Amino acid sequence: MSTTKTRAQLQPRKAGLTRRQKRAVSQGLQYAVFVAAVVALAVSADWGSLRNQFAQSDLVGQMFPDIITLALKNTVLYTVSGFVFGLVLGMVVALMRLSSVGPYRWVAGIYIEIFRGLPALLIFIFVGVAVPLAFPGTEIPGGTYGKVALGLGLVAAAYMAETIRAGIQAVPKGQMEAARSLGFSHARAMVSIVIPQAFRIVIPPLTNELVLLFKDSSLVLFLGVTLEERELAKFGRDLASQTANSTPILVAGLCYLLVTVPLGFVVRRLEAKAGEATK
């Protein structure tokens with residue numbers, strides 16, 4: 001065996017950082033920049049003015065218990081009613097979208113494109129103004145609650161329909177074939193076999209849609225609500241106007257977070273479980 005060393009072996013090894021060390025240095029620099037930015041922001045902010053405008057404890061006391069027993073309760077009721085209506089309508093539209101009958105598919109497709117493309121604000125204005133003009137003397141059942149359920153539901157159904165359709169199509173076709181081989185009709189197989197499996201798949205995105213509806217319920221103010229029908233955003237804005245202070249708006253925002261943050265955690269947990277189930 002030759003003991004002659006090549007020129008590359010004779011050259012001294014260059015001193016330098018390994019890839020792992022370079023990554024650690026890069027991460028350290030990013031943390032340092034982030035901390036410096038936060039400190040600079042905290043130092044430059046006028047905390048006294050912010051406290052006077054957003055943290056008046058006496059105003060916070062005036063908001064309770066009405067912000068919970070009235071505003072938050074109405075927000076939850078509006079959200080739940082809109083979600084239920086949207087879920088039912090979304091299921092119908094999804095089945096129309098999958099139908100073998102051409103006109104059903106066309107109507108469902110047009111509905112989805114229109115109501116996904118329009119801002120929710122315009123839908124609420126349409127429900128509050130256009131519907132009474134189009135059908136004089138006709139009252140939407142449930143008063144304001146019915147109008148909100150219709151407005152939120154029309155928007156949510158367009159998104160839910162596509163989510164449910166994707167869930168139905170994600171169910172293996174063998175499930176339907178097996179059910180038909182056992183004597184199930186197509187409709188019974190869909191109701192008993194396919195749709196339950198599809199809903200297990202789409203629970204995470206539907207829960208996320210519930211979070212979005214909870215925030216969109218603030219648009220109810222464009223329908224013209226009474227004092228007893230106010231939701232969180234309207235309640236906070238009215239009190240802020242009366243007191244010339246933004247503390248009520250901040251408290252209303254925190255009440256939104258009391259609901260949306262736990263729901264967001266539920267969504268992440270459901271998505272994680274769904275991911276584990278597919279492995």
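We count residues from 1, following the sequence as given. These numbers were taken from a predicted model, which means no experiment stands behind them.
When the shell of 6.0 Å around CD of Q21 is examined, it contains more than 12 heavy atoms from other residues, nucleotides or ligands. Counted within 6.0 Å of OH on Y145, heavy atoms from surrounding residues, nucleotides or ligands total more than 12; the atom is thus considered enclosed.
No donor-acceptor distance shorter than 3.5 angstrom exists from the side chain of R51 to the backbone of A55, with no hydrogens or angles considered. Judged by distance alone, the side chain of Q56 and the main-chain N or O of D58 form no donor-acceptor pair under 3.5 Å. Distance alone, capped at 3.5 Å, places no donor-acceptor pair between the E113 side chain and the R116 backbone. Distance alone, capped at 3.5 Å, places no donor-acceptor pair between the N245 side chain and the A240 backbone. With hydrogens and angles disregarded, a donor-acceptor distance shorter than 3.5 Å links the side chain of T79 to the backbone of T75.
Inspection of the Q53 and S246 side chains reveals an N or O donor paired with an N or O acceptor under 3.5 Å. For the residue pair S181 / E177, no side-chain donor-acceptor distance below 3.5 Å is found, with atom types taken as modelled. One side chain, R165 or Q169, offers a donor N or O that lies under 3.5 Å from an acceptor on the other.
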Please set out all donor-acceptor pairs under 3.5 angstrom arising from side-chain atoms of residues 207-220, sequence neighbours excluded.
residue	atom	partner	partner atom	Å
T207	OG1	I203	O	2.8
S217	OG	F214	O	2.6
S218	OG	K215	O	3.0

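Expressed to the nearest 0.5 Å, how far CD1 of I249 lies from OG of S241 amounts to 7.0 Å. Separation of atoms CE (M91) and CZ (F199) is listed at 3.5 Å; rounding is to 0.5 Å.
Taking 4.0 Å as the cut-off between side-chain N and carboxylate O, K234 and E229 do not count as a salt-bridged pair.
Residues satisfying the side-chain contact (heavy atoms from CB on, under 4.5 Å) test with F34, not counting sequence neighbours, are V38.
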